[in-house]
Amino acid sequence: MTNITVRIEDDVKRDAETLFSELGLSISGAINVFFRQAIREQAIPFQIRAAGKYDEYFNEHNMKILGESIAQAKAGNVVVKSMAELEAMEDG
């Protein structure tokens, strides 16, 4: 076994230790899991991309709902209302 020295911000380390502890892992254990998964996949085991203003919208939950909505629309399960009907619904 070999040692690796990594510099990390105190708050990041603290938050990581808390999370990994809840998962039953130490920081060392979590890093080993990361390395093994990277080797297995021959890639970084998660997507790395620049943060953008759309990140919050395009999360897994929203993408699932969007996919379900598209499937319903393709199946013809839609409700068609005019603008006047929608405004009438808003007025109660």
Side-chain angles (χ1 to χ4, degrees):
M1 229 184 258
T2 188
N3 291 327
I4 296 175
T5 302
V6 177
R7 294 185 186 272
I8 191 163
E9 296 169 6
D10 291 336
D11 60 328
V12 172
K13 181 180 181 229
R14 182 186 62 247
D15 292 347
E17 284 175 325
T18 299
L19 170 64
F20 298 147
S21 175
E22 290 172 6
L23 297 172
L25 293 167
S26 64
I27 291 230
S28 179
I31 291 170
N32 273 289
V33 167
F34 169 79
F35 282 1
R36 289 176 187 277
Q37 190 67 23
I39 292 166
R40 187 175 301 118
E41 294 182 22
Q42 291 296 290
I44 301 295
F46 48 84
Q47 185 178 31
I48 299 175
R49 60 190 164 109
K53 64 182 180 181
Y54 300 108
D55 287 349
E56 289 182 27
Y57 179 77
F58 291 106
N59 62 46
E60 187 175 332
H61 174 75
N62 286 350
M63 294 307 292
K64 179 182 176 197
I65 291 173
L66 180 59
E68 291 168 356
S69 297
I70 291 169
Q72 287 181 0
K74 285 181 178 179
N77 298 330
V78 295
V79 175
V80 178
K81 295 205 178 277
S82 69
M83 188 55 122
E85 290 172 312
L86 291 172
E87 287 171 349
M89 289 174 60
E90 186 178 82
D91 294 336

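Atom set for the values below is all heavy atoms of this structure, side chains included, hydrogens, waters and symmetry mates excluded.
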- request: Search all heavy atoms of Ile44 against all heavy atoms of Glu41 and return the closest pair with its distance.
  value: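 The pair with the smallest heavy-atom distance is O-OE1, 4.4 Å.
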message: I need the minimum non-hydrogen distance between Ala16 and Ile27, along with the two atoms involved.
response: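 Taking Ala16 first and Ile27 second, the nearest heavy atoms are CB-CD1, 4.2 Å.
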query: So does Asp11 have more than 12 non-hydrogen atoms from other groups sitting under 6.0 Å from CG?
result: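 Count over threshold, so yes.
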message: Asn77: which residues meet the side chain to side chain contact (heavy atoms under 4.5 Å, CB included) condition with it, sequence neighbours left out?
response: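 In terms of side chain to side chain contact (heavy atoms under 4.5 Å, CB included), with neighbours along the sequence ignored, Asn77 is linked to Gln72, Ala75.
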field: With Gln42 via side chain to side chain contact (heavy atoms under 4.5 Å, CB included) - residues at least two apart
entry: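 Testing Gln42 for side chain to side chain contact (heavy atoms under 4.5 Å, CB included), a comparison that skips the adjacent residues, returns Ile39.
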- prompt: Atom NZ in Lys64, atom OG in Ser69: separation rounded to 0.5 Å?
  reply: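 Separation between the atoms: 11.5 Å.
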message: Let me confirm one number: the CD-CE distance from Glu68 to Met63, rounded to the nearest 0.5 Å.
response: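 That separation rounds to 12.0 Å.
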Would you say [Y] ends up clustered with [X] if hydrophobic residues are merged whenever their side chains have heavy atoms under 4.5 Å apart, either directly or through other cluster members?
| X | Y | value |
| --- | --- | --- |
| Leu25 | Phe46 | yes |
| Met83 | Val78 | no |
| Ile31 | Leu23 | yes |
| Phe20 | Val6 | yes |

Are the side chains of [Y] and [X] in contact, using a 4.5 Å heavy-atom criterion?
| X | Y | value |
| --- | --- | --- |
| Pro45 | Phe34 | yes |
| Met89 | Glu85 | no |
| Lys81 | Val79 | yes |

field: Phe35 and Ile4: CA distance, side-chain angles, deciding distance, side-chain contact (heavy atoms from CB on, under 4.5 Å) verdict
entry: CA-CA 12 Å; Phe35 282 1; Ile4 296 175; 3.8 Å; yes
- prompt: Any Lys/Arg nitrogen of Glu17 or Lys13 sitting under 4.0 Å from an Asp/Glu carboxylate oxygen of the other?
  reply: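 Counted as a salt bridge, because a side-chain N and a carboxylate O are separated by less than 4.0 Å.
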